Number of protein chains: 2
Amino acid sequence: MSHRASTDKAQPAITDAGAGRFSYDGLDRVMHEKARLGILASLAANSDGLLFKDLKQLCALTDGNLSRHLTVLDEAGLVEIWKGASGPRPQTMCRLTANGRRRFTQYISVLERVVTDAQPSTQPDTRSQPLPRPTE
Amino acid sequence: MSHRASTDKAQPAITDAGAGRFSYDGLDRVMHEKARLGILASLAANSDGLLFKDLKQLCALTDGNLSRHLTVLDEAGLVEIWKGASGPRPQTMCRLTANGRRRFTQYISVLERVVTDAQPSTQPDTRSQPLPRPTE
DNA sequence: GACAATACTTTGTATTATAAAGTTTCATCG
DNA sequence: CGATGAAACTTTATAATACAAAGTATTGTC
């Protein structure tokens, strides 16, 4: 007979413990984006807010991209945007909202988990079978 | 006169030091993606490789998504994929390549910088002007 | 008052993540 | 032994969106 016997059915694989272990649900799409991550980190480091001009430099973004990303962050309620009507030129000032700071902190804590997970030092092996080791 | 005097031209903003400070260039598009980050972390934790089935559970992905993401990671040279011809059913085994492990480690080190940056404790203020504090 | 420059915003396109449907092989049941 | 179901993927299609290029508006300068 060429096919295996039916005795080893329903191999449970990975025991279901650890299911979703690496799904990282906390990585919110809005924050988990290179450019916006930079913006948020900049604003977290400057709690009094930053000018459009400054953000542009710090994050090395073009005007268009920065504008777009700020809109996204604003709509998500993460930052607040102040249009300067007083100055000689239009000046846009951005700050983290209280909620934004909270959510960003949460996001960062998930990132910390990712960093920890990536150190394979003392991780218990999660696999199911020994597997035929592929010949390198 | 309503407009400002011309004496304060060319305000240098942010001194140019710290330009690009938050651009996070090291955040490679291929790796910086929720789902693929999970896959890579799983594989980093299981250096002998993982089965498609196991990855699917660990990362809580649908068949289609996992398949697609693995293809992307494969094409980027980050993982290697072994098709099991020996077993009773098709079995796909995935492992980090040597290069993949190296690049992932680099990526993680950037993530660590992000995490550090997000702790605003002892950060020097990067702004240019005191700014008219917006009334809350 | 023409010309360049600053400080943005809007629009268009090309990429891509995800879901839905499709394929293939094996096991089981009447 | 043909039908049915299920496991293990792959392919296709669509909806979202990141980025670049073009546009707008105000200001300063010659």
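Order of the sequence lines fixes the chain letters, A, B, ..., with proteins taken first and strands second; residue numbering starts at 1 for each chain. These figures come from a predicted structure and were not determined experimentally. Quick note: numbers below take in every heavy atom, side chains included, and nothing from hydrogens, waters or symmetry partners.
- For the pair B:Arg29 and D:dC19, the criterion of a side-chain N or O lying under 4.0 Å from OP1 or OP2 is met.
- The side chain of A:Lys34 contributes no N or O atom lying less than 4.0 Å from OP1 or OP2 of D:dT17.
- Closest to the side chain of A:Asp63, from the set D:dC9, D:dA18, C:dC8, is C:dC8.
- The CG atom of B:Leu27 sits 14 Å away from the P atom of D:dA18 (whole-angstrom rounding).
- Between A:Lys83 and D:dT26 there is no side-chain N or O to OP1 or OP2 distance below 4.0 Å.
- Residue contacts for A:Thr92: at a heavy-atom cut-off of 4.0 Å it reaches the sugar-phosphate backbone alone, with no base atom in range.
- Residues A:Gly64 and B:Thr62 each lie close to DNA chain C; by heavy-atom proximity, the contact nearer the 5' end of the strand is made by A:Gly64.
- A side-chain N or O of A:Ser23 and one of A:Asp25 form a donor-acceptor pair less than 3.5 Å apart.
- When the nucleotides D:dC19, D:dA8, C:dT18 are ranked by their closest atom to the side chain of A:Asn65, D:dC19 comes out on top.
- Between B:Gln91 atom CD and D:dA7 atom P there is a gap of 14 Å when expressed in whole angstrom units.
- If you measure from atom CG of A:Asp74 to atom P of C:dC8, you get 14 Å, rounded to the nearest angstrom.
- Taking atom CD1 of A:Ile81 as the reference point, atom P of C:dA7 lies 17 Å away to the nearest angstrom.
- Residue A:Arg68 places no side-chain N or O under 4.0 Å from the OP1 or OP2 atom of C:dT11.
- For the pair B:Asp28 CG and C:dT15 C1', the interatomic distance rounds to 15 Å; values are reported in whole Å.
- Following rounding to the nearest Å, B:Met31 (CE) and C:dA17 (C1') show an atom-to-atom distance of 18 Å.
- Inter-residue side-chain proximity for A:His32 and B:Leu37 is flagged as met; some heavy-atom pair is nearer than 4.5 Å.
- Residue A:Arg68 qualifies as open at atom CZ: its count of foreign heavy atoms under 6.0 Å is 12 or below.
- For the OP1/OP2 pair of D:dT10 and a distance below 4.0 Å, the side-chain nitrogens and oxygens of B:Ser67 include at least one atom meeting the criterion.
- Note on B:His69: a side-chain N or O is less than 4.0 Å away from OP1 or OP2 of C:dT18.
- Ring pair B:Phe22/B:Tyr24 is perpendicular by interplanar angle, where above 60° counts as perpendicular and below 30° as parallel.
- Between B:Arg95 and B:Asp48, none of the side-chain N atoms (NZ, or NE/NH1/NH2) sits under 4.0 Å from a carboxylate O, so this pair counts as no salt bridge.
- As a whole-Å value, the separation of A:Glu75 CD from D:dA18 C1' is 15 Å.
- In this structure, the CG atom of A:Leu70 is 15 Å from the C1' atom of C:dT10, given to the nearest Å.
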